[in-house]
There are 2 protein chains.
Amino acid sequence: MIKRFRGESLHKVDAKGRVSVPAAFRRVLEDGDPDFSGSSYPNFVVVYGGVRGNCLEGYTITSITKVDNLISKLPRFSRDREMLERFINTQSTYMQLDETGRIVLSPRLKEIIGIQDEAIFAGMGEKFQIWEPKKYQKEVAELDVSFKSLSENENPFLKLDQLQD
Amino acid sequence: MIKRFRGESLHKVDAKGRVSVPAAFRRVLEDGDPDFSGSSYPNFVVVYGGVRGNCLEGYTITSITKVDNLISKLPRFSRDREMLERFINTQSTYMQLDETGRIVLSPRLKEIIGIQDEAIFAGMGEKFQIWEPKKYQKEVAELDVSFKSLSENENPFLKLDQLQD
DNA sequence: TGCCATCTAATGGGATATCATGGAAATTTA
DNA sequence: TAAATTTCCATGATATCCCATTAGATGGCA
């Protein structure tokens, strides 16, 4: 059974930029790295580009590969493809967990999402996000509000049941 | 035949947040975990997000996977998908029964549903709910009232038979 | 039909392992 | 060689595991 990124948790970011990745997420990263063996530490990808810029997004090797393959289907010299490659390939970086399950966020990455000394990790199924706590709270609150304002036939939960499975 | 969650029962929550899951529910959780074997303990998912916030909802791996798969069909970066992932993946967590059939509710989870030292488990077919006892009584009472106020053609019992199966 | 043996369930307490985190040492790199 | 990284070690907090106890249900059997 494929594990997905689930749950939220708050972690300290120390002076060197080190943060613990939630233990539950490590298991998912291990599963999602084809080259991972018990004796190594899993690799994965952090994307900082894209429309948002509010948060970082972490992908397992397996799931970023899916995205890469979709992009590769676009016409080679199309503007769409260039855009996506800029966001997903250019503005991203490989990372590796260290022995204690931490990664280091460079000053650049911290600056992009406005992080000081705390970060929130949020599971999003095939990926996870890293947020500055206050921004995250705001995001969740806004989502709740906009959810409540939806009409019945805009409700994404109800739309789900219309999909064939 | 797929077992369903049925019945209600009251359980103590100890100082560590541990609660026994009703024995009948354990059987359903075992059946609903593809990785479960006699030598392990079943995994499942508890969702605490969504608009409700009054109770926790427990899903078997099989049934949450159905939901996850539907969500994965939505366009990867759509607002709908993001919303659903936030409610279903971010605001949820994997859990595993321990040797004695208990789970632990973190302080966070207890706080979300307002639980002190007792919890009510309520079977809901494909999922179950965990409630603070007083809130649960209130919910049940309210449901009775609003059911009685329905006109004949709003009666869900009567609508049932109009569905094709 | 009353008694006892056995089993499962629910719950509590203590021991143990894992996790998150800080700091120092070693290594790289500019 | 100074700065910055990475590796290694240390520690407290938390969560997990393991064992013990009790109550109730079940079933056998005289």
Side-chain angles (χ1 to χ4, degrees), chain A residues 3 5-30 38-44 46 58 93-111 115-123 128 130-131 133, chain B residues 3 5-31 36 38-46 48 56 58 93-111 115-123 128 130 133:
Chain A
K3 290 222 179 90
F5 294 105
R6 281 190 192 279
E8 10 176 29
S9 57
L10 177 69
H11 294 268
K12 297 257 179 273
V13 181
D14 72 13
K16 300 180 196 172
R18 294 181 301 183
V19 233
S20 291
V21 172
F25 288 11
R26 294 178 207 160
R27 306 291 102 79
V28 186
L29 293 174
E30 291 167 1
S39 61
S40 65
Y41 307 112
N43 283 98
F44 63 103
V46 167
T93 174
Y94 283 107
M95 284 204 174
Q96 187 175 35
L97 289 186
D98 72 11
E99 189 188 2
T100 59
R102 284 183 286 196
I103 53 173
V104 351
L105 300 179
S106 65
R108 173 93 195 285
L109 288 180
K110 284 169 63 180
E111 197 241 308
I115 272 187
Q116 302 280 336
D117 57 359
E118 286 187 322
I120 283 190
F121 286 72
F128 66 89
I130 307 177
W131 288 81
Chain B
K3 290 198 187 128
F5 296 105
R6 282 186 194 282
E8 344 168 57
S9 56
L10 177 68
H11 294 269
K12 297 256 180 274
V13 180
D14 73 13
K16 298 181 193 173
R18 294 181 300 185
V19 232
S20 291
V21 171
F25 288 11
R26 294 179 207 159
R27 304 292 98 79
V28 186
L29 293 174
E30 290 167 2
D31 281 2
F36 172 76
S39 61
S40 66
Y41 307 112
N43 283 99
F44 63 103
V45 169
V46 167
Y48 54 88
L56 307 177
T93 176
Y94 283 108
M95 286 205 172
Q96 187 174 35
L97 290 186
D98 71 12
E99 191 187 2
T100 60
R102 284 182 288 192
I103 53 172
V104 353
L105 301 178
S106 66
R108 173 94 196 283
L109 289 181
K110 285 169 61 181
E111 197 239 307
I115 271 187
Q116 302 280 336
D117 57 0
E118 285 187 324
I120 284 190
F121 285 72
F128 66 89
I130 307 177

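Below, chain A is the first sequence line, B the second, and so on; all start at residue 1.
- Listed by chain and number, the residues in a salt bridge (Lys or Arg N to Asp or Glu O under 4.0 Å) with B:Glu8 amount to none (sequence neighbours excluded).
- B:Val21 comes within contact range of the sugar-phosphate backbone alone, with a heavy-atom separation under 4.0 Å but no base atom that close.
- Checking B:Val21, B:Val46, B:Leu56 one by one against B:Met95, the side chain to side chain contact (heavy atoms under 4.5 Å, CB included) holds for a single residue, B:Val46.
- Side chains of B:Arg108 and B:Ser106: no donor on one and acceptor on the other come within 3.5 Å.
- Bounding nucleotides for the chain A contact on DNA chain C, 5' to 3', at a heavy-atom distance below 4.0 Å, are C:dC19 to C:dA24.
- One N or O on the side chain of B:Gln96 and one on the backbone of B:Tyr41 form a donor-acceptor pair closer than 3.5 Å.
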Q) After noting the C-alpha distance and the side-chain angles of A:Phe44 and A:Val28, does the key distance pass the side chain to side chain contact (heavy atoms under 4.5 Å, CB included) rule? A) CA-CA 10 Å; A:Phe44 63 103; A:Val28 186; over 6 Å; no
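- The aromatic rings of A:Phe25 and A:Phe121 stand perpendicular to each other, their planes meeting at an angle above 60°, with 30° marking the opposite boundary.
- For the helix from C:dT1-D:dA30 to C:dA30-D:dT1, the terminal axes (five pairs an end, C1' atoms, rotation from four pairs onto the next four) enclose an angle of 30°, given to 10 degrees.
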Q: Take A:Lys12 and A:Glu118 through the test side chain to side chain contact (heavy atoms under 4.5 Å, CB included) and record every step on the way to the result.
A: CA-CA 5 Å; A:Lys12 297 257 179 273; A:Glu118 286 187 322; 3.2 Å; yes
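- B:Gln116 approaches B:Lys110 most closely through the heavy-atom pair O-CE, 3.7 Å.
- We find that NZ of B:Lys110 is positioned 13 Å from P of D:dT14, with the value rounded to whole Å.
- Taking atom NE2 on B:His11 and atom C1' on D:dG24, their separation rounds to 14 Å, with Å as the unit.
- With sequence neighbours left out, the salt bridge (Lys or Arg N to Asp or Glu O under 4.0 Å) criterion links B:Arg6 to no other residue.
- The salt bridge (Lys or Arg N to Asp or Glu O under 4.0 Å) test applied to A:Arg26 returns no partner, not counting sequence neighbours.
- The CZ atom of B:Arg108 sits 17 Å away from the C1' atom of D:dT14 (whole-angstrom rounding).
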Q: Begin with the C-alpha distance, continue with both residues' side-chain angles, and end with the deciding distance and a verdict on side chain to side chain contact (heavy atoms under 4.5 Å, CB included) for A:Ile130 and A:Ile120.
A: CA-CA 6 Å; A:Ile130 307 177; A:Ile120 283 190; over 6 Å; no
Please produce a list of atom pairs where a protein N or O lies less than 3.5 Å from an N or O of nucleotides 17-21 of chain D.
{"residue": "D:dC17", "atom": "N4", "partner": "B:Arg18", "partner atom": "NH1", "Å": "3.4"}

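- Residue contacts shown for B:Arg27 are limited to sugar-phosphate atoms, with no base heavy atom under 4.0 Å away.
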